[in-house]
Amino acid sequence: IGVARWVPTEEEGIGEFAVVVADDCQGQGIAGRLMRLLITAATLGRLERIEGLILKENVPMLSMVQKMGFDASTNHDAGPSIAMYTKDLSESAA
């Protein structure tokens, strides 16, 4: 019903995340649980930061990552309909 993954980027210590939940299972908190597990896995994987692209129309996902301490970044070339969100994982390791 859902999956969360991170993959290393070309930049050392940085990973890109993705979370997907089946349409009929959305709105049940599954993405949040998956994201918390993903953050734990990325921290254990010694990443310093994770980042991901989110469609600006995906308001529930944008709200979730903001509540989880992700910061919006304008440093991407994915286009005006996509937002980049990053999270510093050094805070999670404590």
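All values below come from the heavy atoms of this structure, side chains included, with hydrogens, waters and symmetry mates left out. Here the structure is a predicted model, which is why all the values come from computation and not from measurement.
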Inset, instruction - Give a yes or no on whether Ile54 and Met68 share a hydrophobic cluster (residues Ile, Leu, Val, Met, Phe, Trp, Tyr; joining criterion: side-chain heavy atoms under 4.5 Å apart). - result: yes

Inset, instruction - Report the residue from Tyr85, Trp6, Phe70 that forms a ring pair (Phe, Tyr, Trp, His ring centres under 6.0 Å) with Phe17. - result: Phe70

Legend entry - Glu16 CD to Leu47 CG distance, which is reported to the nearest 0.5 Å: 12.0 Å

Legend entry - Separation between CG of Asn58 and OG of Ser81, rounded to the nearest 0.5 Å: 12.0 Å

Legend entry - Met35 vs Lys87 side-chain heavy atoms within contact, under 4.5 Å: no

Legend entry - Side chain to side chain, Val19 and Met61, heavy atoms closer than 4.5 Å: yes

Specify the closest pair of heavy atoms between [X] and [Y], including all atoms of both residues, with the distance to one decimal.
X	Y	value
Val3	Leu34	N-CD1, 3.7 Å
Ser73	Thr86	CB-CG2, 4.4 Å
Ala83	Leu62	CB-CD2, 4.3 Å
Leu38	Ala18	CD1-O, 4.1 Å

Legend entry - Check: Thr9 side chain, Ile14 main-chain N or O, donor-acceptor pair, under 3.5 Å: yes

Legend entry - Enclosure of Ile1 CD1 (heavy-atom neighbours >12, cutoff 6.0 Å): no

Legend entry - salt bridge (charged side-chain N to carboxylate O under 4.0 Å, His left out) pairs, two or more places apart, involving residues 29-46: none

Inset, instruction - Starting from the C-alpha separation in whole Å, work towards a yes-or-no answer on side-chain contact (heavy atoms from CB on, under 4.5 Å) for Ile39 and Leu89. - result: CA-CA 8 Å; Ile39 290 169; Leu89 297 179; 3.9 Å; yes

Legend entry - Set of residues satisfying side chain to side chain donor-acceptor pair (under 3.5 Å) with respect to Arg49, sequence neighbours excluded: Glu51

